[in-house]
Structure formats: C-alpha cells, structure tokens
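Heads up, the thing below is written out as structure tokens.
For this chain, numbers begin at 1 and follow the sequence in order. First listed ligand is number 1; within each ligand, the first listed atom is number 1.
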Amino acid sequence: MTARKSLLKVILLGDGGVGKSSIMNRYVTNKFDAHLFHTIGVEFLNKTLEVDGNQVTLQIWDTAGQERFRSLRTPFYRGSDCCLLTFSVDDNQSFLNLSNWKKEFIYYADVKEPENFPFVVLGNKVDVTERQVSSEEARLWCQENGDYPYFETSAKDATNVAVAFEEAVHRALAADDKADHLIPTDTVKLHRKPRSATACCS
Ligand SMILES: Nc1nc2c(ncn2[C@@H]2O[C@H](COP(=O)(O)OP(=O)(O)OP(=O)(O)O)[C@@H](O)[C@H]2O)c(=O)[nH]1
C-alpha cells in the first residue's frame, strides 16, 4: 500500500463576496476582517494538522470569485484534492451558481472521474438574519448533485469552519486511498531495454 498524502490542496470556489477569503482566514489565523478587499487571482495559506497520528499540511487556495478574474484563477485548479463549493445563504444567485462553479472546476482541473471527486459545499454567513437560501434547499442540491457533505458556516463567528475543513481533509484522503486501490502495485513492472553498446548516435 502507498503512503498517505502529507500535502493536500484544498480550493475554495464561489461567487465574489460569499466569504471565501474570510473562511480561509478564520480557519488559518482565527481572525475576521469585515472590510476585506476582493481577491485578485488566487492566494493561499498553509495549515498543518494531525490526522490519525500523521502530520498533514493543508494548502488552502482562495480564488477570486468575480467573473473578470476567471482567467487568473482557472490555471490553479489542477492538482486539487478537494473543492469547497461556497455560496452565501443571504444571496440566492450565489447558490444558483454552484452548478457553474462545479462545471468550471471539473473542466479546468481536468477531473477524470467527476462522480468520485470530493466536493464539500459551504453555505456561509449563517449569522445573518435575512436568509435567501434555506438549509433544506441547500441539502437537497447536495444530495442530488453527488451526495456532498453540506456545512452552514460563518466566518464571522467561526461556526462550523474547522469542522468543514476537517471533513474536506477526510474526503480528500479517502479519495486518495481509493485511487491507490485502483493501481495494482504488485503487478507493475518496468520494462527496460538493455542499453546496446553499438546503438545510437555518435
Ligand atoms: N456577516 C458575515 N459577513 C461575512 C462572512 N464572511 C465574509 N463576510 C463579509 O463578506 C464580504 C466578502 O467577504 P470575502 O471573504 O472577501 O469574500 P470572497 O468570497 O473572498 O470574495 P472575492 O474575493 O470577491 O471572491 C466581506 O465584507 C466580509 O467581511 C460571514 O460569515 N458573515
């Protein structure tokens, strides 16, 4: 059996303003800034945690949600181990756009088996009183789109932020274990031709 991954790339996607940077900052620095600027392109922060007695470094990629930054963010999708699809519970359009974010990710990350890729869905800003998306609607979407885990988070008061990242880590490691099992490591043989003394170029 192959060793488990010790570096996981987790990427946050979703409309501009839903709180991706705030969620990352809350998780890594335990701080909240009510006056953040929009992200341009991508930014990342690392956090190391212990999983089943092993150190795992989470590399969290925060992307720019605004449409005009699309070409700046998409080159960074490849190699992601988990994708956090994020919307804001006080913004119905950001919820309706989840399908587009999923499609964009699958295309630019070049995901070979989308049905097996670990997505986790975050409904952020649950501290606000004016909701436009109910928990039921969001859970139904998750169920119908691949049985994704759903977390209602608040970067502002830290609700469910850590637990959502922990789930992302577990999903990513489980997907990695599954991929390992598909590779019959005991039957792989490298065939090398012996180097001929007379072959090649002089
Ligand atoms: N009430 C509340 N406000 C939040 C929460 N998370 C983020 N915000 C606010 O929402 C605004 C946008 O947050 P960002 O974290 O910059 O959003 P983003 O998704 O990274 O936006 P882009 O960089 O444009 O993609 C900021 O004013 C935040 O302070 C939350 O959980 N609750």
Set of residues satisfying ring-ring contact (aromatic ring centres under 6.0 Å, His included) with respect to Phe151, sequence neighbours excluded: none
Would you call the rings of Tyr77 and Tyr108 parallel, tilted or perpendicular if under 30° counts as parallel and over 60° as perpendicular? perpendicular
Do you know the tightest heavy-atom contact between Leu122 and Ile23? CD1-CD1, 4.0 Å
Transitively linked via ILVMFWY side-chain contacts under 4.5 Å: Val121 with Trp101? yes
So that I can tick it off, tell me whether Glu152 and Arg131 are bridged by a salt bridge, with the cut-off set at under 4.0 angstrom between side-chain N and carboxylate O. yes
What does the list of residues with a heavy atom under 4.0 Å from ligand 1 look like, ordered by chain and number? Asp15, Gly16, Gly17, Val18, Gly19, Lys20, Ser21, Ser22, Phe32, Asp33, Ala34, Leu36, His38, Thr39, Thr63, Ala64, Gly65, Asn124, Lys125, Asp127, Val128, Ser154, Ala155, Lys156
Just checking Lys47: does its NZ atom have more than 12 heavy atoms from other residues, nucleotides or ligands closer to it than 6.0 angstrom? yes
